[in-house]
Asker: 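First, the structure itself, so that you have it in front of you.
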Amino acid sequence: DPLVHHGRHIGRSIYAFANINHLLTMGVAIDAVGDVPSEEQERLEYRVYKAILKFLPPLDEALANYSPEQITRIAALLQKGSDSARSDDTKGLKKGVIEFLNDDAPLDPYVHPGEKSSRGFAHPRLGQLLCPISKDWNNETHRKELIEGTQTPGPEDWPLFLFENQEFNREDVWAGFLKNEYLVQAYLWVFICPTAARKSKKSIKATKQGNAQIHGMTSVTIASIVYIATQVRFALTNAEPFSRSDRVTDSQSFYQSLYRFLDNPDYHEEVDDLLKWWN
DNA sequence: GGAATTTGTTAGGTCGATCG
DNA sequence: CGATCGACCTAACAAATTCC
């Protein structure tokens, strides 16, 4: 279904953890009244709603005339696309991220590309990448706390892998922020094609159009960077699947706090520079 | 409070495109 | 023309949630 197809791109580049039925229903209701939502959370949702309609002009024209049942049916198809793309990318980057790290320098101890159990803070190099900026990975007490999981990093306590060369400058939070090479590689993996991300396999050419081209994407979005960061983070952790609460406290809240941080008008200039760098 | 259903995840495909 | 790539799909299953 073409709606499932479009849904794949919505999750990757517009908003990943949205309840699309809720967004569309709410958006239509707001448009019908003409009031701008007062609450910040609602305003964010409304912006996402508008971004979806901008991406799908035919839906924009027709949506107001649809019944709630029709909207629910459309939303379910978009949601299916969004969810399945996320799941495909999680699967791909589980292996991909380990390849990026190994291309840089072989991981020691070895990390199996298909397994999660040896990842996370227990691994010296993956642990360092995941180490939040409020902690010092070289400090034994801090390291122990992270390995044992006695403390969970709060919002905006970013992991080190978000920064260029895994280096955080306490004087300037924006120095190298979201300019990490592994993030770029993961971005290429998802939006161009997996082989484009590999430094070591330059001879191999893609045999199909990549996701960016398929969906007519010509520039980087905030949401797509946040999406990739969330996927890389999950690939680095030893997080066991099968746990919904883990996803909520983990990937979803990470995604939301990073998205809100970049969406903050106070950082307008920094974010513009960042997008320019990515493009 | 146990059965039924839904949700979220993974492994393991299919199949058309295109490279060497 | 076989090998491989990569988007997309399906089935299975565990956990969470809802139902009765």
Side-chain angles (χ1 to χ4, degrees), chain A residues 1-25 55-56 68-69 71-100 102-103 111-120 149 184-218 221 224 226-256:
Chain A
D1 191 296
L3 285 169
V4 176
H5 179 71
H6 294 315
R8 296 177 73 83
H9 197 59
I10 289 173
R12 283 174 171 140
S13 70
I14 299 178
Y15 203 85
F17 291 96
N19 178 332
I20 294 176
N21 187 40
H22 167 71
L23 280 185
L24 295 186
T25 306
F55 175 61
L56 294 173
E69 291 76 21
I71 291 177
T72 300
R73 204 168 40 89
I74 288 166
L77 293 168
L78 293 175
Q79 191 82 55
K80 186 181 168 193
S82 174
D83 290 348
S84 75
R86 175 157 56 91
S87 140
D88 278 345
D89 294 338
T90 302
K91 177 190 169 191
L93 287 171
K94 180 180 183 177
K95 170 165 156 270
V97 167
I98 297 304
E99 289 177 357
F100 304 156
N102 273 325
D103 283 350
V111 175
H112 194 281
E115 279 203 324
K116 294 296 295 287
S117 58
S118 59
R119 307 187 190 190
V184 175
Q185 285 182 281
Y187 202 103
L188 292 170
W189 179 290
V190 169
F191 287 101
I192 307 299
C193 73
T195 44
R198 299 296 303 283
K199 291 178 193 163
S200 57
K201 290 190 176 177
K202 272 186 180 144
S203 57
I204 295 175
K205 295 272 168 60
T207 58
K208 281 198 163 188
Q209 286 190 344
N211 284 320
Q213 197 176 354
I214 286 172
H215 297 282
M217 184 192 199
T218 54
T221 63
S224 62
V226 176
Y227 175 74
I228 294 299
T230 306
Q231 288 282 11
V232 169
R233 183 172 171 275
F234 184 75
L236 290 172
T237 63
N238 63 341
E240 294 294 335
F242 318 125
S243 170
R244 183 194 172 116
S245 60
D246 188 66
R247 186 180 69 74
V248 171
T249 58
D250 214 15
S251 292
Q252 185 169 324
S253 60
F254 175 81
Y255 183 95
Q256 283 172 353

Asker: Identify each donor-acceptor pair in which a side-chain atom of residues 72-81 of chain A lies under 3.5 Å from a protein atom, sequence neighbours left out, and give them as a table.
Answerer:
unit_1 : atom_1 : unit_2 : atom_2 : d
A/T72  : OG1    : A/N21  : OD1    : 3.4
A/T72  : OG1    : A/P68  : O      : 2.9
A/Q79  : OE1    : A/I20  : N      : 2.9
A/Q79  : NE2    : A/A18  : O      : 3.1

Asker: Applying ring-ring contact (aromatic ring centres under 6.0 Å, His included), can you list everything that pairs with A/Y15, at least two apart in sequence or on another chain?
Answerer: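 For A/Y15, the residues satisfying ring-ring contact (aromatic ring centres under 6.0 Å, His included) (neighbours in sequence not counted) are A/Y255, A/Y259.
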Asker: Is there a side-chain contact between A/Q185 and A/V232 in this structure, where contact means two heavy atoms from C-beta onward sitting under 4.5 Å apart?
Answerer: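 Side chain of A/Q185 against side chain of A/V232, heavy atoms only: no contact under 4.5 Å found.
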Asker: Would you please confirm or rule out a distance under 4.0 Å between OP1 or OP2 of C/dA7 and any side-chain N or O of A/R8?
Answerer: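 A/R8 to C/dA7 OP1/OP2: no side-chain N or O under 4.0 Å.
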Asker: May I have the distance from A/D89 (atom CG) to C/dG6 (atom P), rounded to whole angstrom?
Answerer: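 In whole Å, C/dG6 P lies 13 Å from A/D89 CG.
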Asker: Dot-bracket for DNA chain C, 5' to 3', with Watson-Crick and G-U pairs under 3.5 Å, [ ] for crossing pairs and | for other-strand pairs: what is it?
Answerer: ||||||||||||||||||||
Asker: Report the distance from atom CZ of A/R12 to atom C1' of C/dG6, rounded to the nearest whole Å.
Answerer: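 A/R12 atom CZ is separated from C/dG6 atom C1' by 11 Å.
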Asker: Counting just side-chain N and O atoms, does A/K116 come under 4.0 Å of either OP1 or OP2 of B/dT10?
Answerer: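 Answer is no, no contact under 4.0 Å.
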Asker: Where the side chain of A/C193 is concerned, which of B/dA11, B/dT10, C/dG6 is the nearest nucleotide?
Answerer: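 So the nucleotide nearest the side chain must be C/dG6.
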Asker: To the nearest Å, give me how far apart CD1 (A/I20) and C1' (B/dT7) are.
Answerer: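 A/I20 atom CD1 is separated from B/dT7 atom C1' by 15 Å.
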Asker: Does A/S84 put a side-chain nitrogen or oxygen below 4.0 Å from OP1 or OP2 of C/dC8?
Answerer: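 It does not, given that no N or O in the side chain of A/S84 lies less than 4.0 Å from OP1 or OP2 of C/dC8.
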Asker: Could you check which of C/dC9, C/dG6, C/dC8 has an atom nearest any side-chain atom of A/N211?
Answerer: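 That would be C/dC8.
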Asker: How many whole angstroms separate atom NZ of A/K91 from atom P of C/dC5?
Answerer: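 Atom NZ in A/K91 sits about 14 Å away from atom P in C/dC5.
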Asker: Which residues pass the salt bridge (Lys or Arg N to Asp or Glu O under 4.0 Å) test with A/R12, not counting sequence neighbours?
Answerer: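 Here the qualifying residues are A/D89.
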Asker: Just to verify, what does A/T90 make a side-chain contact (heavy atoms from CB on, under 4.5 Å) with, not counting sequence neighbours?
Answerer: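 So A/T90 forms a side-chain contact (heavy atoms from CB on, under 4.5 Å) with A/R86, A/Q231, A/F234.
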Asker: With a 4.5 Å cut-off on side-chain heavy atoms, are A/R119 and A/L236 touching?
Answerer: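 No, their side chains stay 4.5 Å or more apart.
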Asker: Return the nearest nucleotide to the side chain of A/D88; candidates are B/dT10, C/dA7, C/dC9.
Answerer: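 So the side chain of A/D88 is nearest to C/dC9.
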Asker: Please give, in whole Å, the distance from B/dT7 P to A/F17 CZ?
Answerer: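 About 17 Å, once rounded to whole Å.
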Asker: Would you kindly give the CG-to-P distance between A/N21 and B/dT6, to the nearest whole Å?
Answerer: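 These atoms are roughly 16 Å apart.
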Asker: When the distance from OH of A/Y255 to C1' of B/dG8 is rounded to whole Å, what number comes out?
Answerer: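 Taking OH of A/Y255 and C1' of B/dG8, I get 18 Å after rounding.
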Asker: Name each donor-acceptor pair under 3.5 Å that joins a side chain in residues 2-11 of chain A to protein atoms two or more places apart or in another chain, with its distance.
Answerer:
unit_1 : atom_1 : unit_2 : atom_2 : d
A/R8   : NH1    : A/S84  : OG     : 3.0
A/R8   : NH2    : A/D88  : OD2    : 3.0
A/H9   : NE2    : A/S13  : OG     : 3.3

Asker: So, is A/R86 close to the B/dG8 phosphate, meaning a side-chain N or O under 4.0 Å from OP1 or OP2?
Answerer: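 For A/R86, the contact criterion (side-chain N or O under 4.0 Å from OP1 or OP2 of B/dG8) is not met.
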Asker: In whole Å, what is the span from the CE atom of A/M217 to the P atom of C/dA7?
Answerer: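 Going from A/M217 (CE) to C/dA7 (P), I get 14 Å.
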Asker: Among the candidates C/dC8, C/dG6, B/dG12, find the nucleotide nearest to the side-chain atoms of A/H5.
Answerer: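 When the side chain of A/H5 is considered, C/dC8 is the closest of C/dC8, C/dG6, B/dG12.
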Asker: Reckon A/D83 touches a base, only the sugar-phosphate, or nothing at all at heavy-atom distances under 4.0 Å?
Answerer: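 Counting heavy atoms under 4.0 Å across all strands, no contact is made by A/D83.
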